[in-house]
Structures are given as structure tokens and as C-alpha cells.
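Just below is one structure, and these are the notes that go with it.
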Amino acid sequence: MPDDFPFVSERAPYYIFGADYRENSSGVVSLHVLCDALNRRGYPAYFTNVSETHPNLDARLLQARDVERHERAGLPPVVVYPEIVSENPYDADIVVRWMLNRSGALTGRPVQFRNEDIVYHYSREFADDPEQPLSLLTPVSHDPRLFLPPESPPPRSRSLLYLGRIRREEIDFSRLPADIEIIDNHAPVSLSELIARFHSAKVLYSAERSGTCLCAVLAGCPVLYIPSRLLDELPEIEFSHDGVAWYDEPGACERLSQTVGKVFQNWVAQVGIFEQQLTAFIERTQAAALARKRQAPGDKVVPRPIREQFLASASAQPVETPRTPGASRAPAYQPPPPAIPSDEDILLQEGLAKQEAGDLETAFAIFQELVTAETTLWRPYAEIARIALAQGEKGIAREFLELACEREEPAGEAHVELARLQAAEQEYEKVLATVSPVLRASGEHFPALELVRQALGALPALPAIAWARLVTDMRRPLPPAPTTVYHEVPEAPANEPEPAAAPLRFPESNMAHRYLDSLRGIEIGPSSHNAFNLPDCLFVDKWAESRYTEEQRELCGTAQRIDVLAAGNTLPFADGSLDYVLTSHVLEHFHDTIGALKEWYRVVRDGGLIFTIFPHKERTFDKDRPRTTLSELIERHAAGSLDASDGHHTVWVTEDAVELVEHLGWKLVEVMDVDDKVGNGFAFVIQVEKPRAA
């Protein structure tokens, strides 16, 4: 192989000392997420002592054949120990200490650090000295959608107490509510059941740090900590004290109910941060592995305890297939014989094996042979693109990645690689188009999500916002309409066909087009039969499917796509990140009208607009109800209710809404007493004016 041909550098494997997957352990889940994330990036990662994995994660078990391959290729493994491993049982040269808790907190045995160990922390609070520079590795361990409230949230009435390592006799129950319910590991429940409890709880008490506390605040349940032998300072949740306080702080629950929602937003934003952390982690650990190989290229690179454990027992024991949680250890049936691989598949696997073993010249020749034969496989094109990229030939790399994307089904790795090249060239519209099929195919895909956020953050007139909350739903069609059963009715005579009802669609609003056509923003609570048809508008609703969705289909044959799932009074957007907020017959559904308006004001930039259509009391079914006074709206806002429901909480005439806007001190640009959409309401255009720094 010519010395001047810079092939893709070899990738050292990762051996992770883990534990069987348990969804109620944040530390265990984090280890499995790391294994999955490394494999998704193309860096082989394996567990050394695990039998149960999660079916949706690419978490592999180390096998004898893997050890043999790495040994032959001279690829020294990077061994990752969580903080529960105090020493170096594998006698590894390259050791990563991942502090998922404080040293010795769970085992009582402090970690024995070596000078050459690479140390990462899940959180600063797990470091001996949090003020010192730290390397952080903080994956998002659960799907954010799990923590969204149900369509009909139950009242928050329960008081809960978490007991993990703290015993009952250590708790002074006289200081706690009499009806408190205990959550402990003696009667474990599934994560979904646990979150359901938190959705109906007003507070969780805990005398220790735990991933259970994180789940509570993500579900909107504040946590009150009790000082104990395991807890002498107030823990942070996702790097802040939002949603948590000491249990004896007066009025803590009421105060925390106003801030606990920030934790979810910060946690979702961590998706992109982890991808950046992971890139730095890979670069650092791969450099250490390469340095180890250069120092002693002829030595045995796989640690002796691992070689003995896996190679010596390979012939004595059959390889056990990883089990998913709850799966039977013995299969109940004989699986069908595997499909016979094609000649192309066999040749591709040979090329990949040569590449992993370090014979890059032969691997390249195999990939080139497949491409010359115009293979339908995507992988050879992607591998040649990576080689071209290593040479600095971006144009060639892009051409081959486009060919790979044409063949990749379902969309995945090749699409992400192409999108990264497009992002480097600041072609952000193309980035969104390239990663869109990836999100549709695989749902939660961290690299694709990060590229979406990067693109949306860089597009003109739309600064970076927290798109990670269910951003996959922005690229996914609504679920199919539920099947409706109708009672049988006599058929009409053949010569008298029943005329089909014309689809109902209300006219567009010239006023909305005049103000909003050139801007980018959101519509809260959209509907297909009452569409505004603005060019750059994302659609926000609390549900992707509801009775209103079916109503839209009945009225006009289709339902409006929902881009972002969120409640209209708790939006997942950054301050001043939108040009406008648009609503029609939505504001009356919020009990705290002022709170909802202030939330819309928050997310709109200085000079942006709030365009809203109110239902007019005299032109709707509210005509017999009393008008809602300004003093009542002020009282509701002081109470801080987030209630939003199907009914109308507020009844207006135009003058009442003008009085409300004047009370808020906002700039009212235009009022249309009879709106030009349906005509049963009145329209306001409010211009946002943010305070400027002196």
C-alpha cells in the first residue's frame, strides 16, 4: 500500500464493564446508552459481563471471536469502568473511569485512580472538587416523550417518599404528610408506572440522590430532600436547583411548581450536548489507544484477564445470546434457518473484516470492486466516501455518500454522514431534507436530532430553540385514523344516490397574510378546515391525535399535521426565538389567560407579533354567559393555574380584550372587530416590545 494514501484510521474497540439492563437504574441505563451511541457512530463497543440488553439499543456482548479479531489486528481496547468498580480487574492499559455517582457512594470502596486513567463525570456534583476543570459525559437516558403529561392529567394530590438505600427507621415520619406513599426497591414498578405516579403527585420526598428523583421532576413533580447520612447538601437536578428544595423550606412546593418545568427543557437540550461530549470522548480515547499501539506494536493488546476469560472458555461454553428484559433464557421454539447471504454480502463482510483487522489496502480494493459492479448495497459507497474524506476530497466523498443514500434502506448512517458534510458547507435546508427520512425510520436518533437543531439554529431569522422535544414528530405523519363503526341504515335506491357532502374549509385571513407571510413562527391549536396557510409556520398542539383530529377529518377529509407536541401555555421554545405566535379560538381554553399570553410574549422576539382571534360572546354559544372581568383574570393569574381544557374558561367582547392588553401595557397594533376568518370572533395584532439593555 502506498505510504501517501491516508486510509481511514483504525478504530479501537470499547469494552464496557456494565450490568443487566434495568430501566429503574439511571447509572445502568447510561452505560447501555453509551454502548449504543458508540456503535451508532461506528466505533465497536461491547459489554463484558452483561446478559440482558434492551431491544432498541445496539448494546453488544463481547464474544471470543471479537477478542481474537482485536488481538490479531493489534487494536488495544478502551476499558470503561463505572464508579462501582474500585480497582482495575481487567488489568487494562487504557482505562476510562466514568463517575456515575460519587466515589464509593454505592459500594463503600473508593475508586483507586491511576495517573494514566481517563476520568469522566456524569455530573459535577459527583466530583471531589466540582470547581476544578472536569470532563463530562451526560447522556439522556430515557425517551423524553415518556415524561409528557397524559391527555387528561390527573389532579396532583399524592405525596410520595422514595426509599432506596435509606431504611424506614431512619426517616422521621412525624415531619411528613400522614397519607404519604412509599416507593422502594422491594416492590419495583416499571418506568411507565413510576412516571404515572409522578404525574399524579404533588411532591416526592427523598433522603438520597437517585435517578428516581430525576424522573419525578421530569414528570413535573417537585422533590423535597431530607438531610440524612447520605445527603448533607442539596443535590442538583440536571445542573440546577430548579424543582428541588429542602423539605423544611416554607412554601417550597408552591415555589417549585413554578420552576420544575425548566428541568425538562434543560434535560431535552442535553441531547445535543451529549453528542458534542461523545465526540470529544471518542477523540481522546482513540488517541490513547493509538499511542498504546505505537508504543508496543508487537505486544498482546487485549488484557490477559479478558483473553483468559473469553478465549479459554470459548470451546467449553456455547455463546449465549443477549436477552432482553423479561425474555426467557431457553427458546420455546426452533428459529427458522438464517437466510443464505448473497455473493455481494459475503464480499462486503470480507471487506469490512479486512478493514477492522487493519488490512486497509485489501478492504479498499473490495469496496471498489463492489462499486464498479454497481452493487445495490449502500455500505461500499459509504466506506469509499470516508476514505475520500480522509484525503480531503470532500466533493468525491459527497458524491459517494449521495449514491450510498440512494441505496440505504432504511435511512440511517449514510444520510447522517451526508448531512454532516452539508452542515459543514452551511447548506442547512439540505440538512433538514437529508435527515428527515432518518427520523421517520428510526425515531429517536441522536446524531440526526443534533443536525436538525444545528440547522434550525442557523437558518436565517430563526435562532436556535429547543427543538429536541419530540422533534421526530415534526417529520412523522399522524397515526392512521381510528376505525369508526356505524349502525347499518337502509341503502338509498340505486337511481337516487346520496350526494356527498362538500368538504368544509373556512376562508383564509387577509389580515394574517398581510402581517405574517414574510415571518417564521408557530400556530397553536391549528385545524385543517380553518387553515391560515402561512408559508413558514410550525404547528403546535398538546395532542397528535384527539377528538378534534377526527372532527377535522369529518369536516374536510384530512387532519392538520402537528409539528411540535407541547401545551400552548408551556412552550418548548427559547426566549425571543420566534417571529410570531398565531392562535384562533384558543386563548379561551386556558384558565390563566394572562399566563398564556405572557408565555407567547416570552417566545416572540423584540418587534415580533402575537396574532390571535378571540371568540366574541355575542357571536358564539357563549352569548348567554356572563362576561369575564379583568379582576377575575388577574386573580386567576395570581393563582398560577396551568389548566387547559375543552371548555371556554373566559367570555369576551372586543372592549374587554382591549382592556386586558392595556392592563398588560402592551402595544396593540390593530383590532378587527369582526375577524376575516370565520367571522364569529375579533382579531388582535400585538407587537412585542422587549426591554433593551442600557
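Everything quoted here is computed from the prediction, not taken from an experiment.
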(request) Apply ring-ring contact (aromatic ring centres under 6.0 Å, His included) to H648 and H589, showing your working. (result) CA-CA 5 Å; H648 288 192; H589 293 283; 5.1 Å; yes
(message) Please list all pairs meeting salt bridge (charged side-chain N to carboxylate O under 4.0 Å, His left out) that have one or both residues in residues 610-625, counting only residues at least two apart or in different chains.
(response) D622-R625
(request) Mind listing the closest non-hydrogen atom pair of A216 and F198 along with its distance? (result) CA-CD1, 3.5 Å
(request) Please test F684 against V658 for side chain to side chain contact (heavy atoms under 4.5 Å, CB included), starting from the C-alpha separation and ending with a verdict. (result) CA-CA 9 Å; F684 274 27; V658 171; 3.5 Å; yes
(request) Could you list the residues that satisfy ring pair (Phe, Tyr, Trp, His ring centres under 6.0 Å) with W652, not counting sequence neighbours? (result) F614
(request) Would you mind reporting whether N530 and S584 have side-chain heavy atoms less than 4.5 Å apart? (result) yes
(message) If you define the side chain from C-beta out and look only at heavy atoms, does anything of L519 sit under 4.5 Å from R605?
(response) yes
(request) Kindly write out the residues that satisfy side chain to side chain donor-acceptor pair (under 3.5 Å) with K598, not counting sequence neighbours, or none if the list is empty. (result) H637
(request) Using a 4.5 Å cut-off on heavy atoms from C-beta on, say whether the side chain of I610 contacts that of V688. (result) yes
(request) Determine the minimum heavy-atom distance between T434 and H415, stating which atoms define it. (result) CG2-O, 3.2 Å
(message) Taking salt bridge (charged side-chain N to carboxylate O under 4.0 Å, His left out) as the cut-off, I'd like each qualifying pair that reaches into residues 647-657, sequence neighbours left out, listed once.
(response) R627-D656
(request) Locate the shortest heavy-atom distance separating L278 from A37; write the atom from each residue and the value. (result) CD2-CB, 3.7 Å
(message) I'd like to know if the side chain of R636 pairs up with that of T650 as donor and acceptor (distance under 3.5 Å, no hydrogens or angles considered).
(response) yes
(request) Verify side chain to side chain contact (heavy atoms under 4.5 Å, CB included) between V260 and D242, making sure each step is shown before the conclusion. (result) CA-CA 6 Å; V260 69; D242 289 325; over 6 Å; no
(request) Report the residues that fulfil side chain to side chain donor-acceptor pair (under 3.5 Å) with R505, sequence neighbours left out, ordered by chain and then residue number. (result) none
(message) Could you tell me if the side chain of T628 sits less than 4.5 Å from the side chain of T593, heavy atoms only?
(response) no
(message) If you define the side chain from C-beta out and look only at heavy atoms, does anything of L578 sit under 4.5 Å from W600?
(response) no
(message) If you compare all heavy atoms of L234 against all heavy atoms of A245, which two are closest, and at what distance to 0.1 Å?
(response) CD1-C, 3.7 Å
(request) For the residue pair Y601 and W666, categorise the inter-ring angle as parallel (less than 30°), tilted (30 to 60°) or perpendicular (more than 60°). (result) parallel
(request) Measure across L587 and A596 and return the closest heavy-atom pair with its distance rounded to 0.1 Å. (result) CD1-CB, 4.0 Å
(message) Can you list everything that forms a side chain to side chain donor-acceptor pair (under 3.5 Å) with S528? Sequence neighbours excluded, please.
(response) Q552
(message) Between K430 and E425, is the side chain to side chain contact (heavy atoms under 4.5 Å, CB included) condition met? List the steps.
(response) CA-CA 10 Å; K430 292 183 179 179; E425 299 297 323; over 6 Å; no
(request) Give the minimum heavy-atom separation between A512 and S509, together with the two atoms involved. (result) N-OG, 3.0 Å
(request) Check whether any side-chain heavy atom of Y580 sits under 4.5 Å from a side-chain heavy atom of C537, and report yes or no. (result) yes
(request) Give a yes-or-no answer on whether the side chains of H585 and N680 include a donor-acceptor pair shorter than 3.5 Å. (result) yes
(message) Are T612 and V586 packed together at the side-chain level, in the sense that at least one heavy-atom pair is separated by less than 4.5 angstrom?
(response) no
(message) Is there a side-chain contact between E249 and R255 in this structure, where contact means two heavy atoms from C-beta onward sitting under 4.5 Å apart?
(response) yes
